[in-house]
Amino acid sequence: MALPFARSLCLSRWGARRLGIVSAEARRGVSFKLEEKTAHSSLALFKGNTGVKYGMVGLEPTKLALNVERFREWAVVLADTAVTSGRHYWEVTVKRSQQFRIGVADVDMSRDNCIGVDDRSWVFSYAQRKWHTMLANEKAPIKGIGQPEKVGLLLEYEAQKLSLVDVDQVAVVHTIQTDFRGPVVPAFALWDGELLTHSGLEVPESI
């Protein structure tokens, strides 16, 4: 009976990966790419859909394929892999950007909203050389981290936490305590420059 059981377990894990859902059993954190079909028309993906650039002039709506998953009003893009459990860590390299948001969002959040303005997304916002947390359009300032070249995010699903990590110090700067109600995906908003994501990373031992 051992062989059929092992084969069944292998198939179930393959099915979970095929559906883009990460289990708590995974040794590494969530591995994702950016989902082009969700990207606002002013955003362009690059480097195998792991990076996103902002363009001053986006594609005309009439030239875009009709797609209900695309963000219509705000320069937002979501990742292609949902998280339902476990601890996950990824990093973001920031290039020439002075205004962006990074965090997670419900997979089915409204495509008419920006991340951070409703209660279905949880983000860290960088603008005017300052960091804030954002939830339901409420801002709270964050101290202890300056203009970034690279930052980390730590998602602890069962603990209902999302943390901003200083990658140089390998230390948590600020934690949002929240209430996830279903699958969430990494989420990004960008108004200049570019962001490059690094996923599939193990959680650092010191955080």
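Excluded from the calculations below are hydrogen atoms, water molecules and symmetry mates; all remaining heavy atoms, backbone and side chain alike, are included. We number each residue from 1, following the sequence as shown. What you are looking at is a predicted structure, and each value in this text was computed from that prediction instead of being measured.
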I'd like to check the side-chain hydrogen bond (donor to acceptor under 3.5 Å, both in side chains) partners of [X]; sequence neighbours left out, ordered by chain and number.
X: Glu91; value: Tyr89
X: Lys139; value: none
X: Glu156; value: Arg87
X: Asp106; value: Arg120

Using salt bridge (charged side-chain N to carboxylate O under 4.0 Å, His left out) as the criterion, list what pairs up with [X], not counting sequence neighbours.
X: Glu73; value: none
X: Lys95; value: none
X: Glu35; value: none
X: Arg129; value: none

Exercise. State, yes or no, whether a side-chain contact exists between His132 and Glu138 at a heavy-atom distance under 4.5 Å.
Key: no
Exercise. Report yes if some heavy atom in the side chain of His88 is under 4.5 Å from a heavy atom in the side chain of Pro186; otherwise report no.
Key: no
[X] side, atom [atom1]; [Y] side, atom [atom2] - distance, nearest 0.5 Å:
X: Arg70; Y: Leu43; atom1: CZ; atom2: CG; answer: 9.5 Å
X: Leu153; Y: Ser199; atom1: CG; atom2: OG; answer: 12.0 Å
X: Phe32; Y: Thr50; atom1: CZ; atom2: OG1; answer: 9.0 Å

Self-check item: Closest non-hydrogen atom pair, Arg101 against Ile115
Solution: NH1-O, 2.8 Å
Quiz item: Under 3.5 Å, is there a donor-acceptor pair between the side chain of Gln99 and the main chain of Ala189?
Solution: no
Exercise. Identify whether Leu196 and Tyr54 are in the same connected component of the hydrophobic contact network (ILVMFWY, side-chain heavy atoms under 4.5 Å).
Key: no
Indicate every side-chain donor-acceptor pair of residues 178-185 with a distance under 3.5 Å to a residue at least two apart or in another chain.
from: Thr178; atom 1: OG1; to: Trp122; atom 2: NE1; distance (Å): 2.4
from: Arg181; atom 1: NH2; to: Asp119; atom 2: O; distance (Å): 2.6

Quiz prompt | side-chain contact (heavy atoms from CB on, under 4.5 Å) partner of Phe71, chosen from Val77, Asn113, Leu78 | solution = Leu78
Practice problem: State plainly whether the residues Asp80 and Lys33 are in salt-bridge range, i.e. N to O under 4.0 Å. | Solution: no
Quiz item: Ser97: what forms a side-chain contact (heavy atoms from CB on, under 4.5 Å) with it, not counting sequence neighbours?
Solution: Val94, Phe100, Leu190, Asp192
Exercise. Check side-chain contact (heavy atoms from CB on, under 4.5 Å) between Glu149 and all other residues, then give those that pass, not counting sequence neighbours.
Key: none
Please output the side-chain donor-acceptor pairs of residues 166-174 that fall under 3.5 Å, not counting sequence neighbours, one pair per line with the distance.
from: Asp166; atom 1: OD1; to: Asp168; atom 2: N; distance (Å): 2.9
from: Asp166; atom 1: OD1; to: Gln169; atom 2: N; distance (Å): 3.1

